[in-house]
Amino acid sequence: MDNLIARDKIKINSNDGLIIVDIQNDFLTGGSLAVTDGNQIIEGVNSLGLKFKESGARVIFTQDWHPPGHWSFASAHQGKNPFDPIDKVKGIGPILWPDHCIQGSQGANFHEELDVSLAHLIIRKGYHQKIDSYSAILENDGETETGLEGYLKSSKLNRIFICGLALDYCVNFSAIDTVTKGYDVWVVYDLTRGISDQSVHEAIHQMQEAGIKLVELSNFV
Ligand code: VGL
Ligand code: ZN
């Protein structure tokens with residue numbers, strides 16, 4: 001892994017944005033879709049977020065925000081179990097999930113140690129009953145926009161850093177969409193954790209192919 005991390009020293013400027021993806025109770029210890037060791041990134045995310053804010057850059061949080069009975073939940077499909085693959089349903093998949101991040105629930109709240117006061121923007125996604133949204137930019141139907149792109153554009157950002165959960169889903173899809181929109185995209189690897197080793201492996205490969213760079217907290221000066 002070490003040889004995939006860029007060695008660049010990064011000085012944050014006012015055209016930079018940090019997207020902090022889905023650090024919500026359901027993705028953390030005790031949550032319904034807990035990501036292994038997810039809690040370990042919180043302290044570093046807070047310190048990087050502060051660095052961005054103090055450097056005049058933008059800090060954006062995303063929040064997975066599903067209505068009860070959302071179609072990404074296995075419980076909404078007869079005979080399906082969490083983590084079953086699903087295809088052929090536009091806007092959903094490739095995986096069905098346990099119920100998680102239900103609007104207004106404790107599981108959907110940000111972790112209490114996450115410094116959400118750093119936020120310039122909080123973007124909620126996945127709130128259409130029949131469309132999932134792994135990406136912070138485009139929902140899984142490939143056409144419904146979250147609105148984040150307009151914000152990036154009007155804030156004149158050109159370099160976007162991404163951290164949070166989960167590396168193999170929402171971080172990966174957000175990074176791919178952002179680079180596709182023409183931004184210079186960096187994933188802060190040690191401030192992410194993934195759901196499964198196999199899909200993390202695939203996600204890293206995809207990100208490399210797409211020209212997304214990996215860095216670590218220690219790259220920031
Ligand atoms: C996520 C699965 C379902 C994520 C969200 O934040 O990566 N994964 N919903
Ligand atoms: Zn979700």
Side-chain angles (χ1 to χ4, degrees), residues 18-42 45 60-77 80-87 89-111 114 116 119 122-142 144 146 148 162-178 185 187-189 191-204 206-207 212:
L18 176 65
I19 305 177
I20 299 171
V21 176
D22 295 2
I23 305 190
Q24 297 167 255
N25 292 321
D26 271 341
F27 297 121
L28 297 163
T29 305
S32 63
L33 183 40
V35 180
T36 307
D37 296 336
N39 295 61
Q40 291 176 358
I41 70 173
I42 296 174
V45 168
I60 298 147
F61 288 74
T62 71
Q63 194 171 20
D64 212 34
W65 195 247
H66 300 309
H70 190 249
W71 265 36
S72 73
F73 300 167
S75 61
H77 302 265
K80 294 286 191 186
N81 293 307
F83 307 104
D84 280 353
I86 184 157
D87 47 19
V89 180
K90 190 180 176 194
I92 301 298
I95 304 284
L96 289 170
W97 304 106
D99 291 20
H100 66 278
C101 297
I102 293 177
Q103 297 170 0
S105 70
Q106 177 59 13
N109 288 342
F110 291 113
H111 190 274
L114 185 69
V116 187
I122 299 175
I123 195 118
R124 288 176 169 162
K125 61 183 177 61
Y127 50 73
H128 299 287
Q129 193 75 36
K130 296 194 173 181
I131 312 173
D132 204 358
S133 189
Y134 297 161
S135 161
I137 302 245
L138 261 192
E139 306 219 336
N140 291 18
D141 60 354
T144 303
T146 64
L148 179 57
I162 307 182
C163 63
L165 305 172
L167 174 58
D168 35 355
Y169 290 94
C170 291
V171 169
N172 179 35
F173 280 69
S174 297
I176 297 279
D177 281 354
T178 309
V185 179
V187 166
V188 189
Y189 179 73
L191 300 183
T192 64
R193 292 292 185 275
I195 291 177
S196 95
D197 289 347
Q198 168 73 18
S199 49
V200 164
H201 185 81
E202 288 165 11
I204 288 172
Q206 261 180 25
M207 291 192 290
I212 294 158

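Both ligands and their constituent atoms are indexed starting at 1 by order of listing. It should be emphasised that the depicted structure is a prediction, and the values quoted were computed from it without experimental measurement.
In summary, the atoms of ligand 1 found under 4.0 Å from a heavy atom of Phe27, numbered by their order in the structure, are 1 (C), 4 (C), 5 (C), 6 (O), 9 (N). The distance from ligand 1 to the heavy atoms of Trp97 drops below 4.0 Å at these ligand atoms: 2 (C), 3 (C). Atoms of ligand 1 lying under 4.0 Å from at least one heavy atom of Cys170, given by number and element, are 1 (C), 4 (C), 5 (C), 6 (O), 7 (O).
Leu33 approaches Ile195 most closely through the heavy-atom pair CD1-CD1, 4.4 Å. The two residues Asn140 and Ile131 make their nearest non-hydrogen contact at N-CG2, 4.0 Å.
Aromatic ring orientation, His100 versus Trp97: perpendicular (interplanar angle above 60°, classes split at 30° and 60°).
The Zn ion (ligand 2) has an N, O or S atom of His100 inside 2.8 Å of it.
For His66, the N/O/S atom at the shortest distance from the Zn ion (ligand 2) is named NE2. Within Asp64, the N, O or S atom at minimum distance from the Zn ion (ligand 2) carries the name OD2.
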**Request:** Walk me through it: do Gln63 and Ile123 pass the test side-chain contact (heavy atoms from CB on, under 4.5 Å)?
**Result:** CA-CA 6 Å; Gln63 194 171 20; Ile123 195 118; over 6 Å; no
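Separation of the His66 and Tyr127 ring centroids does not fall under the 6.0 Å cut-off. Note: His128 and Trp71 fail the aromatic proximity criterion, with ring centroids not under 6.0 Å apart.
Among protein heavy atoms, the minimum distance from atom 6 (O) of ligand 1 is reached at Asp22 OD2, 2.6 Å. Atom 5 (C) of ligand 1 has Asp64 OD2, 3.2 Å as its closest protein atom, hydrogens excluded (heavy atom only). In this structure, the protein non-hydrogen atom closest to atom 8 (N) of ligand 1 is Tyr169 CB, 3.9 Å.
Between Ala166 and ligand 1, a contact under 3.5 Å exists for at least one N or O pair.
For the ligand labelled ligand 1, residue His100 lies inside the 4.0 Å heavy-atom shell.
Around OH of Tyr189, the count of heavy atoms belonging to other residues, nucleotides or ligands within 6.0 Å does not exceed 12.
Contacts with ligand 1 closer than 4.0 Å are made by no heavy atom of Ile95, backbone or side chain.
A salt bridge is defined here as a Lys NZ or Arg NE, NH1 or NH2 lying under 4.0 Å from an Asp or Glu carboxylate O, and Asp22 with Lys125 meets this definition.
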